[in-house]
Each structure stands twice: as structure tokens, then as C-alpha cells.
Amino acid sequence: MSLDAQTLIDWFADTARDLPWRKPECTAWGVLVSEIMLQQTPVARVEPIWHEWLERWPTPSAMAAASQGDVLRAWGKLGYPRRALRLHEAARAISNDHDDVVPDDVDTLLALPGIGAYTARAVAAFAYGQRCPVVDTNVRRVVARAVHGAGDAGPPSTTRDMNDVQVLLPEQDAAVFSAALMELGAVVCTARTPKCADCPVFDTCAWQHNGRPAYDGPVKVVQKFAGTDRQVRGLLLDVLRGTPDPVAKTRLDVVWSDAGQRDRCLDSLLVDGLVEQTATGLFALPGEH
DNA sequence: GATACGTGGCT
DNA sequence: TAGCCAAGTAT
């Protein structure tokens, strides 16, 4: 009952999107880059940037040789630019400590900056075919519905979520099964309007059998954006991405009227290493090599 | 466990 | 329109 692995694997073979990081010729580095970019970011926005990155920096050592500023500019407006900095750090660690080969075991991957419980297992599974639970927001939602019969997933709990998925993994083709689970959540078992008519596991779905109950867990807090430090940091960084040379603070002051918030955000960007101040007091993306 | 962290498309 | 949502991680 509930979620036959082979059914999902067959469905995936028939209908999976043709994403570049799923192609057989895609390297482990390509998979890692895709996983970092896809954190909290839709596929449509990632694809073009991913292609640029892999062409420009086809190996970890290639990216390790770039400056932080180059990496941040190439990241463009993907969002959460600290990801770019951490990926750059990871590239250097892989280049220096791992012979330019993306590690294939979860614990070693977890030790790299910007790689957490999800990404470490996604790389182990999708780049190296390992059998481990890969749990993202899509998988959590599919399991909540198809297995637990709930309207949506409750608050995440890494231990519990991974256990839930571990017991579903087939002995064979576990990595393909994980990709299929994610694909189902991304294109069929979606958050707002699930396309149950297209679902390959409709007949065994616990949510259907339960009469499609509404989500009854804790209220999910929606993150504000307008007016927050996140918006201001984004505006400041956008100025610096758009210019090759360091700029005077007056160039940054125009992006936000509240001087107190502006300065606080600029300071936090300096602390985060996303911005650097020159000896003459100008501001720029970090240029360290 | 809660919160901070970008950005833009969709309903 | 305002809010929801998108392959999370670090603290």
C-alpha cells in the first residue's frame, strides 16, 4: 500500500523533465552546482545560470581559481548570494583537499560549506547512485499526503523525515526512486493545486483514501520581504554587481531612504563577506583570490 | 526549534 | 492585490 516504488520509477522514466543535471554525461560537480542553485530557487531561474557556470567553471579547481566577486556576479539575481560564496569555498576545499573530485560519501560532503542534510544526500544519490534518503520539501509533501494521508507536511524534522523516506527506499534503483519522488512533488503533487488526475499513485494515495483532509498542522509563518533587511541587502548588492569598480558610499545611499537600516545592512554584508571596503573607503564585491 | 537569508512568478 | 511558494543551510 501507499507508494509502490516501481510504479514511481516507471512513471519517472516516462515523464521526467529533461533537466541538464540529470543527463548521464553530467559530472558530480555539475550535480553539486545544481543542488546548491536549486535551494529555495525554481528550476526555470536556475537552468540558464547553471549552463553558464558549468561552461565557465567545468571543475571545482576552475571555480576555485576565480575571485569571489566574479562568482557573485555570475550568480546574478538567483538570490541568497551567500550560497555562491559557500559554493566557492566548497570548490576550494574540493580542489585542495579532495584531488578536485567531489566527495562521494555523505559525511565528507556534510563537512563542506553550504552543504546540509539534503544536499549531501542529493549528491551522494544523484551523482554517485547511492541508496540514501533524499528529503526536500517536495518529498516531505508527497510522503505527508501519499503515506500519512495529511493535507501537507508539518514542520520539518530531519531525523523523522529521513526515517520516513528510508523505509520507502527500494533495494534497487533507490536514487532513481528519490528523483522520482521529488519530481512527483514538483510537477504533480504540488503545494497549492495538486494535479491528482495525473498522479501515478492516485489509487494508493492515503490522502485520497482519507477524503483529502485539509492541512491541520501548525500555521506556517510566511516570510515578509518588502521593507526587510533582505530587500535592502539585495538592493545594495545589486549596485555592486552592476559596476566593475569600487563605488563611494553615496552610490549606495540612494537605494534606501532609511539611513539606519541601510547602514545596518551594509555592515551585515561586510560581516558576511559579501561586500568589502577598500583602503580608500570605497565599497565593492570581494576581490580576494 | 525558530529565525534570517533574495528574488520573482503565479493566483 | 497581497500572499504564497520555490530541490535549504547556518546559527
Side-chain angles (χ1 to χ4, degrees), chain A residues 12 16-17 19-22 30-50 72 75-87 89-90 109-127 133-143 152-162 165 175 178-187 189-194 215 217-241 255-256 261 264-265 268-269 271-274:
Chain A
F12 185 70
R17 291 168 295 174
L19 302 175
W21 43 84
R22 286 177 176 167
V31 172
L32 172 56
V33 172
S34 79
E35 292 302 341
I36 299 291
M37 288 184 170
L38 287 163
Q39 293 169 3
Q40 301 286 284
T41 310
V43 165
R45 300 231 312 275
V46 165
E47 260 201 272
I49 307 290
W50 182 89
L72 287 169
W75 191 260
K77 307 197 77 167
L78 269 189
Y80 293 142
R82 293 186 298 189
R83 289 183 293 167
L85 240 34
R86 292 182 181 132
L87 179 54
E89 284 181 64
L109 287 160
L110 281 171
L112 294 170
I115 297 186
Y118 163 75
T119 303
R121 289 170 181 80
V123 170
F126 303 146
V134 181
V135 185
D136 73 337
T137 187
N138 290 308
V139 171
R140 285 172 15 79
R141 185 173 54 250
V142 170
V143 170
D152 198 355
S157 160
T158 304
T159 306
R160 182 163 39 72
D161 295 341
M162 288 207 300
V165 173
S178 287
L181 219 42
M182 289 177 61
E183 183 80 350
L184 187 67
V187 306
C189 194
T190 54
R192 243 177 304 194
T193 314
Y215 172 71
V219 174
K220 305 187 178 192
V221 291
V222 290
Q223 297 238 11
K224 292 291 178 213
F225 178 66
T228 64
D229 286 3
R230 284 207 328 290
Q231 182 182 19
V232 178
R233 284 165 56 105
L235 292 170
L236 293 170
L237 225 39
D238 201 36
V239 172
L240 300 181
R241 273 195 302 264
V255 305
W256 198 252
Q261 186 177 19
R264 177 174 75 242
C265 289
S268 75
L269 288 169
V271 169
D272 287 349
L274 286 163

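Remember, it's a predicted structure, so these values are computed and weren't measured experimentally. Any value given below was found using the heavy atoms of this structure, including those in side chains, with hydrogens, waters and symmetry copies removed. Below, chains carry the letters A, B, ... as their sequence lines are ordered, and counting in each starts from 1.
- Contact annotation for A:Leu19: base contact, defined as any heavy-atom pair under 4.0 Å involving a base atom.
- Between A:Lys77 and the phosphate of B:dG6, there is no side-chain N or O to OP1/OP2 separation shorter than 4.0 Å.
- Distances shorter than 4.0 Å separate none of the side-chain N or O atoms of A:Gln39 from OP1 or OP2 on C:dA7.
- Tested against A:Leu181, the residues A:Asp136, A:Asn138, A:Val142 include a single side chain to side chain contact (heavy atoms under 4.5 Å, CB included) partner, A:Val142.
- The residue A:Ala44 sits apart from the nucleic acid: no heavy atom pair falls under 4.0 Å.
- Relative to the side chain of A:Arg83, the nucleotides B:dG6, C:dA7, B:dC5 differ in distance, and B:dG6 lies closest.
- Side-chain N/O atoms of A:Lys224 include one lying less than 4.0 angstrom from OP1 or OP2 on C:dG3.
- Toward the 5′ end of DNA chain C lies the nearest nucleotide of A:Thr190, the other residue of the pair A:Thr119 and A:Thr190 mapping further downstream.
- With hydrogens and angles left out, the side chain of A:Thr41 and the base of B:dG6 share a donor-acceptor pair within 3.5 Å.
- Remark: A:Arg241 is in phosphate contact with B:dT7, judged by side-chain N or O atoms under 4.0 Å from OP1 or OP2.
- Between C:dA7 and A:Ser34, no contact under 4.0 Å exists linking OP1 or OP2 to a side-chain N or O.
- A straight line from CZ of A:Arg230 to C1' of C:dT9 spans 14 Å, rounded to a whole angstrom.
- In terms of modelled atom types and a separation under 3.5 Å, the side chain of A:Arg83 and the main chain of A:Met37 share a donor-acceptor contact.
- Under the side-chain contact (heavy atoms from CB on, under 4.5 Å) criterion, A:Phe12 pairs with A:Ala16, A:Arg22, A:Val176, A:Ala179, A:Ala180, A:Glu183, sequence neighbours left out.
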Between the protein and nucleotides 9-11 of chain B, which nitrogen or oxygen pairs come in under 3.5 angstrom?
none

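- With hydrogens and angles ignored, the 3.5 Å screen pairs a side-chain donor or acceptor of A:Gln231 with a backbone N or O of A:Gly227.
- Each of B:dA4, C:dA7, B:dG6 was ranked by its minimum atom distance to the side chain of A:Arg233; first place goes to B:dG6.
- If you check every strand for non-hydrogen atoms under 4.0 Å, A:Pro155 touches nothing.
- Rounded to the nearest 0.5 angstrom, A:Ile36 CD1 and A:Tyr80 OH are separated by 14.5 Å.
- Computed from coordinates, the A:Asp272 CG to C:dT11 C1' distance equals 12 Å when rounded to whole Å.
- Taking atom OH of A:Tyr80 as the reference point, atom P of C:dT11 lies 16 Å away to the nearest angstrom.
- Judged by closest nucleotide on DNA chain C, A:Leu38 is the one of A:Leu38 and A:Ile115 placed further toward the 5' end.
- Here the side chain of A:Thr119 pairs no donor or acceptor atom with the backbone of A:Gly116 at under 3.5 angstrom.
- Note on A:Ala191: only backbone sugar-phosphate atoms sit closer than 4.0 angstrom, heavy atoms only; bases stay farther off.
- Among the protein residues, A:Gln223 comes within range of the nucleic acid bases, having at least one heavy atom under 4.0 Å from a base atom.
- Of the possible donor and acceptor atoms, one in the side chain of A:Arg140 sits under 3.5 Å from a partner among the backbone N and O of A:Gly154.
- Put simply, OG1 on A:Thr228 and CD on A:Gln223 are 8.5 Å apart, with the number rounded to the nearest 0.5 Å.
- Base contact: A:Val43 has a heavy atom under 4.0 Å from a base atom.
- Across all strands shown, A:Gly116 has heavy atoms under 4.0 Å from sugar-phosphate atoms exclusively, and none from any base.
- When all heavy atoms of A:Pro156 and A:Asp161 are compared, the pair lying nearest together is CA-OD2, 3.6 Å.
- Heavy atoms of A:Arg17 sit under 4.0 angstrom from at least one base atom.
- In terms of position along DNA chain B, the nucleotide closest to A:Pro156 lies nearer the 5' end than the nucleotide closest to the other residue of the pair A:Pro156 and A:Gly76.
- In this structure, A:Arg86 does not reach the C:dA10 phosphate: none of its side-chain N or O atoms is under 4.0 Å from OP1 or OP2.
- Base engagement by A:Trp21 is indicated by at least one non-hydrogen atom pair under 4.0 Å involving a base atom.
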